[in-house]
Amino acid sequence: MTIDALTASPTATRADNAAASLASDFDQFLSLLTTQLQQQDPLEPLDSNQFTEQLVQFTSVEQQIQTNQNLEALLATIGAQNQGSAVDYLGKVVTVDTDQSALGDTPANWSYELSARSPSTALNILDANNQIVFTAPGQTEPGIHAFEWDGTDGNGNRLPDGLYRLSVGSETASGTRLAQRVFVEGEVSDITLENGESLLTVGSIQAPLSLIRSVSQPSRQTEG
């Protein structure tokens, strides 16, 4: 297992870059101020109020940058703690609340849940452009059902690898649309940290902890 966020070398943050830029601007300001004071007319001295206002502005910006640096440090700490907690998910089977599944060396897999019986159910596969690329009839009984797609369209042509979405269309006999839930299940194989959020690698997709709905131990077949 590789957790890049914990082993990567530190890089400059936005607040660090802003602080460096402010320091450069402040040096230039002091250089200009010194030059102006040296060359000012003693009979008409420069207005000190302007310098005071500019110094106050520099101080205010510096305080804001320091606040941002503290927030970035806090977020980094929280992210590391979240990632540490996410390690407990490794090797576990999770249910991810998403309609996306990856097509690659293995078929794309989903599960969907119908809240009641439906006279008919249509399963539509959509690509990254939100275009329907495959349609198949689905189950009609209430409950959870699994669906596997081998990546071919209606004419048997193999479609490119990538992320695809499953849309479930079902209605009652009276025409009322049924509530459906689409999700994917899989074993967590890796953890990464992105923008302070832990992402679990489930099969070929990455999912944030906020989308995890259930966790269970994998079923291991025993030799006998």
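Just so you know, these numbers use all the heavy atoms, side chains as well, and skip hydrogens, waters and symmetry mates. Everything quoted here is computed from the prediction, not taken from an experiment.
The two residues V202 and E185 come nearest to each other via the heavy atoms CG1-C, 4.4 Å. Closest of all the heavy-atom pairs between I144 and S111 is CG2-CB, 4.3 Å. Between E171 and P119 the shortest heavy-atom distance is O-CD, 2.9 Å. Across all their heavy atoms, V184 and N109 have their closest contact at CG1-O, 3.4 Å. Shortest non-hydrogen contact noted between D150 and P107 is CA-CB, 4.1 Å. Contact detail for L103 and G151: the closest heavy-atom pair is CD2-CA, 3.5 Å.
In this structure, Y89 contributes its side chain and E187 its backbone to no donor-acceptor pair below 3.5 Å. Between the side chain of N129 and the backbone N or O of Q131 there is no donor-acceptor pair closer than 3.5 Å.
Contact of the L166 side chain with the F147 side chain is registered, since non-hydrogen atoms from C-beta on lie closer than 4.5 Å. In this structure, the side chains of W110 and W149 come closer than 4.5 Å at one or more pairs of heavy atoms. Residues V215 and V93 are not in side-chain contact: their nearest non-hydrogen atoms beyond the backbone lie 4.5 Å or more apart. Contact check for L200 versus Q206: no side-chain heavy atoms found under the 4.5 Å cut-off.
Residue L199 belongs to no hydrophobic cluster, having no ILVMFWY side-chain heavy atom closer than 4.5 Å to its own.
Linking ILVMFWY side-chain heavy atoms closer than 4.5 Å, directly or via other members, places V94 and Y112 in a single hydrophobic cluster.
Partners of I132 by side-chain contact (heavy atoms from CB on, under 4.5 Å), not counting sequence neighbours, listed by chain and number: N124, L126, T135. Q180 is linked by a side-chain contact (heavy atoms from CB on, under 4.5 Å) to L114, V168, S170, R177, L178, counting only residues two or more places apart in sequence or in another chain.
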